[in-house]
Number of protein chains: 2
Amino acid sequence: MLKTELFTEKQQQLAQLARALSHPARIAILAYLAQSSSCISGDISNEIPLSRTTVSQHLTELKKLGFISGTVEGVKVNYCLDNARLQQIKSELDVFFNSLLANPNPQCNL
Amino acid sequence: MLKTELFTEKQQQLAQLARALSHPARIAILAYLAQSSSCISGDISNEIPLSRTTVSQHLTELKKLGFISGTVEGVKVNYCLDNARLQQIKSELDVFFNSLLANPNPQCNL
DNA sequence: AAATTATGTCGTATGTTTGCGACATAAAAT
DNA sequence: ATTTTATGTCGCAAACATACGACATAATTT
């Protein structure tokens, strides 16, 4: 029943990036990683009011789209924001919004 | 089973904005409105490979978050991007990404 | 080698989204 | 007044997302 394949690659890609940000837990995880000084791993579960399992799944989704990386360090995993990738995503969103705002339609916003 | 209420207003708000962009049909609709010269209404259904019903629902979602406005004009409805609101949304996303990128963690990206 | 600690994956229940046909409404044309 | 045209809403089915307990794995510690 899903018809996403009927749209362009670019459209699907943008939609996927947006989807990654479409849950407050994932926003919270990104914000936490940004302010934590030490790439803390599963302690994230303690900072987020959800079970470890659920946090782990959200981390997996963020990893899938490249927002974060997780490097194994013995028994622990250090999760980090991927700053280069974030910069790139930010810029893709920017390009999209700029394209929306580029040609204001004279018949609109009268 | 949903626990979105456990997160901050700001986090929920951002997640909702992102959710509005999380389907390629909605991206396509925004892109179409940006390049169409005449605020065309339900002709959008003809430009998007989905039924009129489904397009109407996507339009409703975009309206709910303020991305677009729909003004009745006789039998037709003129859909328009809300440029001021788009600018605002763009800036909210920007602020969020900047907050993520502001304090690069020295333990990451080594 | 057994216990501990940190993580990840599986199964599953419940909730949400997507997509569309069928029906409802309401302005405009005949 | 009836028909046509443009839209919107309802109700349902299929797909997807969210959440978590229970089990699996694998590096450290004892």
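Reminder, nothing fancy here: chain letters follow the sequence lines and each chain counts from 1.
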*pair A/Tyr79-A/Leu62: side-chain heavy atoms closer than 4.5 Å*: no
Between [N] atom [atom2] and [X] atom [atom1], what is the distance in whole Å?
| X | N | atom1 | atom2 | answer |
| --- | --- | --- | --- | --- |
| B/Ile40 | D/dT5 | CD1 | C1' | 16 Å |
| B/Ile44 | D/dA6 | CD1 | P | 14 Å |
| B/Leu62 | D/dG8 | CG | P | 13 Å |

*Under 3.5 Å donor-acceptor, A/Thr60 side chain and A/Ser56 backbone*: yes
*Report yes if a side-chain nitrogen or oxygen of B/Tyr79 is closer than 4.0 Å to either non-bridging phosphate oxygen (OP1 or OP2) of D/dG8; otherwise report no.*
yes
*List for me each residue that meets side chain to side chain contact (heavy atoms under 4.5 Å, CB included) alongside B/Ala31, sequence neighbours excluded, and say none if there are none.*
none
*asked:* Are there over 12 heavy-atom neighbours, none belonging to B/Asp43, within less than 6.0 Å of that residue's CG?
replied: yes
*Just by protein heavy atoms under 4.0 Å, how would nucleotides 17-27 of chain C read 5' to 3' in B, S and -?*
SBBBBB----B
_Toward the 5' end of DNA chain C, by each residue's nearest nucleotide, A/Lys76 or A/Ser56_ = A/Lys76
*Considering non-hydrogen atoms only, spot the tightest contact between A/Arg19 and A/Arg26 and give its length.*
O-NH2, 3.3 Å
*With pairs defined as Watson-Crick or G-U wobble and both distances under 3.5 angstrom, please note down DNA chain D as a dot-bracket string, | for pairing with another strand.*
||||||||||||||||||||||||||||||
_A/Leu50 side, atom CG; A/Ile29 side, atom CD1 - distance, nearest 0.5 Å_ = 8.0 Å
*Determine the sole option in B/Leu33, B/Leu30, B/Leu81, B/Leu59 for which the side-chain contact (heavy atoms from CB on, under 4.5 Å) test with B/Phe67 is passed.*
B/Leu30
*In terms of the angle between their ring planes, are A/Phe7 and B/His23 parallel, tilted or perpendicular, with boundaries placed at 30° and 60°?*
perpendicular
